[in-house]
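Heads up: the structure comes next, in structure tokens.
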2 protein chains.
Amino acid sequence: MNSNKIPEPALRRLPWYLSYVKLLKSQGEKYVSSTKIAKKIDVSASQIAKDLSFVEISGKTRVGYDIDELINVLDTFLGFKVIHKAVLFGVGSLGAALLSDSGLEQYGLKIIAGFDVNKSVVDTKIHDIPVYHSDEFIQMNKEIDAEIGILTVPSGVAQEVSDYMISGGIKGVWNFTPFRIRVPSGIVLQNTSLYAHLAVMFNRLDS
Amino acid sequence: MNSNKIPEPALRRLPWYLSYVKLLKSQGEKYVSSTKIAKKIDVSASQIAKDLSFVEISGKTRVGYDIDELINVLDTFLGFKVIHKAVLFGVGSLGAALLSDSGLEQYGLKIIAGFDVNKSVVDTKIHDIPVYHSDEFIQMNKEIDAEIGILTVPSGVAQEVSDYMISGGIKGVWNFTPFRIRVPSGIVLQNTSLYAHLAVMFNRLDS
DNA sequence: TAGATTGTTAATCGATTAACAATC
DNA sequence: TAGATTGTTAATCGATTAACAATC
């Protein structure tokens, strides 16, 4: 049992392996070696071997990994097999877009409700997900019991709304704003700023 | 002139500084020091100083950086001041969601058209952006001349569609699929898999 | 001047890569 | 057996952190 904490870069590569291995499975393959993954996916074979050493699997010498087992282990390790309940704050352009993305549920994220302060969206439904006034959250989350809060509010109120979500029992904040919020220790923060990724791409394009 | 290539981790932090400094400007501040940013944003002051050494700005000893100048320099460096034309392949759940996110245009990304092979979306409009059949792309891009291709197709066809976009003149691929595609050298690839970020969050929550 | 700040250089840390022993 | 593969250990590389000189 290797229960050393996996480094974040390694953790982020695991979904690539999973995605490729699922493709192989759909093509009827039974086994895959790290060298085979490496060739297709542009990650070195030793890196793959090292990354896989963090998960609970052992390969067969001269054969590689059992595909079904690898998929199962990765899906479980990455948390895609369990439904995690979430709420979303800020039903603007990006927020509404995320509520409409039904793909997230296949990966274990179920958005139960949206919250906003804008009267034009409060008490509507988007893609069958109800939107409530933010003030109702603390009371409602006693029932909903969501552990993840998705943050798609304007940057200026990101910190404040994050604090509010946490006071209502949120354990993990998925921050889509470009603002770098701070959270108490013990609370998980994941920053996913599309704009930061855009910036990386623009910068590389212009050089 | 410091034209050393900026490391990607540093590049990704710049939008955080930009976001905070814009907030300060809206509060009427004129100058900001790296120590002040550090306190608010949970990045060490020396890291900030080092990151800012890659952009074309110099601070004033004992005063810090001029906020207007810093915003201008970062906006320019990050490519947010120039409109970059993009097309989007795969108008499914996530793709349609991105077409609906008008926020991207404020950061320099203008999506001109969507492409798909599914008859139920071809020749419709989403958020005023027209959707065409994928087969029309090569011909159409002679006119559109988009440099960025947003990839929101199913994993299984991600590589194929990416190759196709590039053959039509795309210079930068923004890959939202969990599949790790490969691109020829000279083509910029930016991976933004929401599922990978979910995985990181789930993993940290469960430990 | 004293003190706060920038910005560079050196030391540290951690991830990646390479080498290789073990296995079938 | 020979050869392909896993999986660990050591070497390398690059980013972060710390120290500090320069500046106003």
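Each chain gets a letter, A, B and so on, in the order the sequences are listed, and its residues count up from 1. The basis for the numbers below is simple: all heavy atoms, side chains too, and nothing from hydrogens, waters or symmetry mates.
- Computed from coordinates, the B:I6 CD1 to C:dG7 C1' distance equals 15 Å when rounded to whole Å.
- Rounded to a whole Å, the CG atom of B:L70 is 15 Å from the C1' atom of C:dT5.
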Exercise. Given the rule in the side-chain contact (heavy atoms from CB on, under 4.5 Å) test, do B:D206 and A:V82 qualify, once you have shown the distances and angles that lead to the verdict?
Worked result: CA-CA 11 Å; B:D206 298 342; A:V82 180; over 6 Å; no
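- Spacing between atom OH of A:Y17 and atom C1' of D:dT6 amounts to 15 Å, rounded to whole angstrom units.
- A straight line from CG of B:L52 to P of C:dG7 spans 8 Å, rounded to a whole angstrom.
- Pairing partner, C:dC20: D:dG7, with both Watson-Crick or wobble hydrogen-bond distances short of 3.5 Å.
- Aromatic ring pairs are classed by plane angle as parallel below 30°, tilted from 30° to 60° and perpendicular above 60°; the pair A:F137 and A:F89 is perpendicular.
- Rounded to an integer number of Å, the gap from CZ of B:R12 to P of D:dA15 is 12 Å.
- One atom, NZ of A:K39, and another, P of D:dA4, lie 10 Å apart when rounded to the nearest Å.
- A:H84 and B:F202 have parallel rings, their planes meeting at less than 30° on a 0 to 90° scale where 60° marks the start of perpendicular.
- Nearest heavy atoms, A:I57 versus A:L70: CD1-CA, 3.5 Å.
- Residues from residues 24-38 of chain A lying near DNA chain C, meaning a heavy-atom separation below 4.0 Å, are absent.
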Exercise. What string of B, S and - do you get for nucleotides 16-24 of chain C, 5' to 3', when a contact is any protein heavy atom under 4.0 Å?
Worked result: BBB----BB
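- A:K5 has its NZ atom 11 Å from the P atom of C:dG14, to the nearest Å.
- Under the 3.5 Å distance criterion, with hydrogens and angles disregarded, no donor-acceptor pair is assigned to the side chains of A:Q190 and B:R204.
- A distance of 13.0 Å separates CD1 in B:I170 from CG in B:D163, rounded to the nearest 0.5 Å.
- Within a 6.0 Å radius of CD in B:E143, no more than 12 heavy atoms belonging to other residues, nucleotides or ligands are found.
- The partner of C:dA15 is D:dT12, judged by Watson-Crick or G-U wobble contacts that both fall below 3.5 Å.
- Taking the six-membered ring where tryptophan is involved, the planes of B:F115 and B:Y132 are tilted, since the angle between them lies from 30° to 60°.
- Minimum interatomic distance between A:D51 and A:A10 (heavy atoms only, all atoms of both residues): OD1-CB, 3.3 Å.
- In this structure, A:F54 places its CZ atom 8 Å from P of C:dA15, rounding to the nearest Å.
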